Amino acid sequence: MKFIRNTVDKIKPNFEKGGKFYFLHSTFDAFETFLFVPDKVTKKGAHIRDAMDMKRNMIIVVLALMPALFFGIYNTGLQHFMATGQEQLFWSMIGYGLIKVLPLIVVVYIVGLGIEFAFAQFRKHEVNEGFLVTGMLIPLIVPADIPLWTLALATAFAVIIGKEVFGGTGMNILNPALTARAFLFFAYPSWMSGGRVWTSGMMSGEGIIDGYSGETLLSQAASGATHFVNGLGEKITSFDMFLGNIPGSVGETSVIAILIGALILLLTGVGSWRIMLSVLLGGISMGLLLNAFAVNPAMAVPWYQHLMMGGFAFGLVFMATDPVTAAQTNRGKYFYGFMIGLLAILIRVLNPAYPEGMMLAILLMNVFAPLIDHLVVQANVKKRLKRAVKINE
Amino acid sequence: MSTTFKIRKGLNISLKGNAEQSFGEEIRSMYYTLRPTDFVGLTPKLALKEGDPVKRGEAVYYDKYRPDIKFVSPVNGTIKSVVRGDKRKLLEIIILADNTDSFISFKNGSEINNADGLKSLLLSSGVWPLIKQRPYGIIANPEDNPRDIFISFFDSAPLAPEYDFILKDKRKEINAALEKLALLTSGKLYLNFSAKSKLPELIDKKESYEINFFTGPHPSCLPGVHINKIKPINKGEIIWTVNAADLPLMGNVLINGDYNPEKIISIAGSVVKSPRYYKVKSGADLSEFLKSELKDKNCRVISGNVLTGSDITSNPSLGFYDNCVSIIPEGNKFEMFGWALPGFKKYSASTAFASKLIPGKKFDIDTNFHGGHRSYVVTGEYEKVCPVDIFPQLLIKAIMAEDIDKMEQLGIYEVIEEDLALCEFVCTSKTEVQEILRNGLDLVRKEMS
């Protein structure tokens, strides 16, 4: 440890003002602060500061994503071998999943962090940690077979158009990870929808057993199925949906893995319980409402299954709670969350063109979040004004 | 009628090294320092120059724009040096004390029964600056008639002195000061106590004042919180605030006509060998005393509390308004992967560190910044520690954007730095909240005048 510190101290002058690598100072700073919490002390204001910082905050979210990632790796293998009809051991499923999923993560991080570092350098500010989370989210919300170049393109789009043009981390209006997904969804729909993309290997079609269907539960529901089946035609129970051994994006299928993540976020206070609770309530309300009028099979899908299908649970825990793009006021958060839940199920059921409503519901409410906050703040402002007017009368 | 207000939002930071309720030997010192920088927005002008003899109670400098407001010497002696900073800004006036005990005797205040007479006595005797004004947190303007006067009788900040202990023998002075302060407003005198406090027993004419009680975590002691809960301040209104710990000094002037800034202060913190209470005069040089009292030389000496106090390490002498000296270790060291470790010894208001698993743990927090400055990402954390009914984060953003209309709408008149100090403490993005708020207040004040 001493050795590393000494080495860092030795090369540090090169990156300081006047040093020959000064143009890389943001990059150096990012790596130095990654290795060491700096020796910087308080200069003004409060003499002591909370130990919580952005790195801690972000790393907790990344940690919370790990169960979903691990399950996603396993499930990628599981779905693939089910489609090819091979009996396989647990470890070969993991092995297959790793081969498929790791490149996604590597590509997203390289592209995204590359752009972030370049912008930080260009703007002469510190590298923000926000992309650590975004870079982990993006691979988990795409199909495992997505071509890497489209993923790279989507990541670049999300970071530049979704974030940096607004001023970088903390300034963006739309959730960057969902921006990437929306980009893929509309620009490359053949890779993002249909019955073949969700099971790894089906697009290339090699070795897939005849008649195997890789349709997600959402598209089954949209096409009027009264009960759900897996690719082999076997019935899928609610417990399967909870466990997550169903086709879908890499990290979104397992409710139990997502719940572990939710628990981490809630216990550490990093994720907003207000948003999670209200998204849940919004989803349940719309589910119940649709069940009450169940005039077609899609509307008859039980409300509790809605919560376990598609990206609802994942979006609830990891996407809706993004503090930058969510409503900022506590009261606003309730409304914001509730509307996401409501709209996600509504879009999902009543608009069959977009079977996944969660992404669109969150992006839509991202846009409305500032308006919600404005209304909440205006109530406070009006109270203050009223008081002042009373005095002056 | 008194009410008990329960403050729920806030944070008690449990620091090691609380002062035990006993007295150390009285601190006597050769040098005394006056710091014009103790006073927000003041443009000081010297009344004496280097080498001049000075008596206790004699004006050393005054407010350039309100020359009635004087700042007087705490001791007899000579002006040893005047320290100036950039642009000849007056930073410190150091007085070498001699052992004579003559002093300037002011008029006895007991017969004064009108505001004007009282004001001129308080102004000439140098105790006027003890009265602060809301909004802005500056020294009160003698020409104003404030809506009300708020006095806080406790301090809930980390390592703060116990007012029940430091004020228990000051009954006479406190009552004299309260009685006269009531002359200064056509409104009420609000006395605010901690619900546990025994100090209300010391107050003689309880019916003349409005007495309220507060419970809950810091910042429940701050006048900003009291005003907001009892009767919020509005644009155009002026409220004065006085710290109860300063009442004895004011009372002494009113009873004896003698400016004698002798205080009981706490010297506390994890670096102090035996944290306890001391008698000391305002401005006294503590360096001799600290030589034998510190466990570690690498520390920061703070006049006031750790959230709002000022760094006096280079010239340790007590500030005008302060009643405690907090001494904590400096955090100028690197920590490898510090942000990723479980953190059993790290203090955080959040539950993201393992230290939360140990209930009642006391912390040895140093001055490390714990990270670097970032844009705002996390929301809702300021609200948890700010009982004043405003949106602190949005207010800070409005100030960053220099949007004066928005600042007013969001309630900038209701707060000063100390009210948002905890927001600064908890900030994940390490925003300098107090500095930004002061810039905002200065901007609004300039715009209004």
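Owing to the predicted nature of the structure, the values given are computational and were not obtained by experimental measurement. Proteins get letters first, then strands, A, B, ... in listed order; numbering begins at 1 in each.
Heavy atoms of B:Leu410 lying under 4.5 Å from chain A belong to its backbone as well as its side chain. Looking at B:Ile13, the atoms closer than 4.5 Å to chain A (heavy atoms on both sides) all sit in the side chain, from C-beta outward. Heavy atoms closer than 4.5 Å to chain B are found in the backbone of A:Val127, but not in its side chain. In this structure, chain B has heavy atoms under 4.5 Å from both the backbone and the side chain of A:Leu35. Looking at A:Lys383, the atoms closer than 4.5 Å to chain B (heavy atoms on both sides) all sit in the side chain, from C-beta outward. With a threshold of 4.5 angstrom between heavy atoms, B:Gln409 approaches chain A through its backbone and through its side chain. In this structure, chain A has heavy atoms under 4.5 Å from both the backbone and the side chain of B:Asp389. For chain A, the nearby part of B:Lys397 is the side chain; its heavy atoms alone come within less than 4.5 Å. Only the side chain of B:Ile328 comes within contact range of chain A, with at least one heavy atom under 4.5 Å from a heavy atom of that chain.
In terms of heavy-atom pairs under 4.5 angstrom with chain A, the leader among B:Gly309, B:Gly380, B:Ser355 is B:Gly309. In terms of heavy-atom pairs under 4.5 angstrom with chain A, the leader among B:Thr379, B:Leu15, B:Ile365, B:Asp311 is B:Thr379. With chain A as the partner, the residue from B:Ser375, B:Ser348, B:Gly343, B:Ser310 showing the most heavy-atom pairs under 4.5 Å is B:Ser348. The residue among B:Glu330, B:Lys356, B:Lys333 with the most heavy atom pairs within less than 4.5 Å of chain A is B:Lys333. For the options B:Gly372, B:Ser326, B:Gly411, heavy-atom pairs under 4.5 Å to chain A are most numerous at B:Gly411. When the candidates A:Ile59, A:Val324, A:Asn380, A:Leu267 are compared by the number of heavy-atom contacts under 4.5 Å with chain B, A:Asn380 comes out ahead.
Using a 4.5 Å heavy-atom cut-off against chain B, the contacting residues of residues 158-178 of chain A are A:Thr169, A:Gly170, A:Met171.
Judged by the 6.0 Å distance and 45° axis criteria, A:Arg384 is not positioned over the aromatic ring of B:Tyr413.
For the residue pair A:Met54 and B:Ser429, the shortest heavy atom distance occurs at CE-OG, 3.2 Å. Minimum interatomic distance between A:Met52 and B:Ala352 (heavy atoms only, all atoms of both residues): SD-CB, 3.7 Å. For the residue pair A:Glu32 and B:Phe334, the shortest heavy atom distance occurs at OE2-CE2, 3.6 Å. Between A:His47 and B:Asn305, the closest heavy-atom pair is CD2-O, 4.3 Å. Nearest heavy-atom pair, A:Ile48 versus B:Phe425, reported as atom, atom and distance to 0.1 Å: O-CD1, 3.1 Å.
The only option from B:Glu432, B:Arg438, B:Gln434 that meets the side-chain contact (heavy atoms from CB on, under 4.5 Å) definition with A:Lys44 turns out to be B:Glu432.
When atom types are taken as modelled, the side chain of B:Lys430 and the backbone of A:Asp50 share a donor-acceptor pair closer than 3.5 angstrom.
Contacts of A:Thr268 classified as side-chain hydrogen bond (donor to acceptor under 3.5 Å, both in side chains), with partners at least two apart in sequence or in another chain: none.
The closest side-chain donor-acceptor pair between A:Thr42 and B:Arg300 falls under 3.5 angstrom.
Remark: B:Glu414 engages A:Arg387 in a salt bridge, criterion side-chain N to carboxylate O under 4.0 Å.
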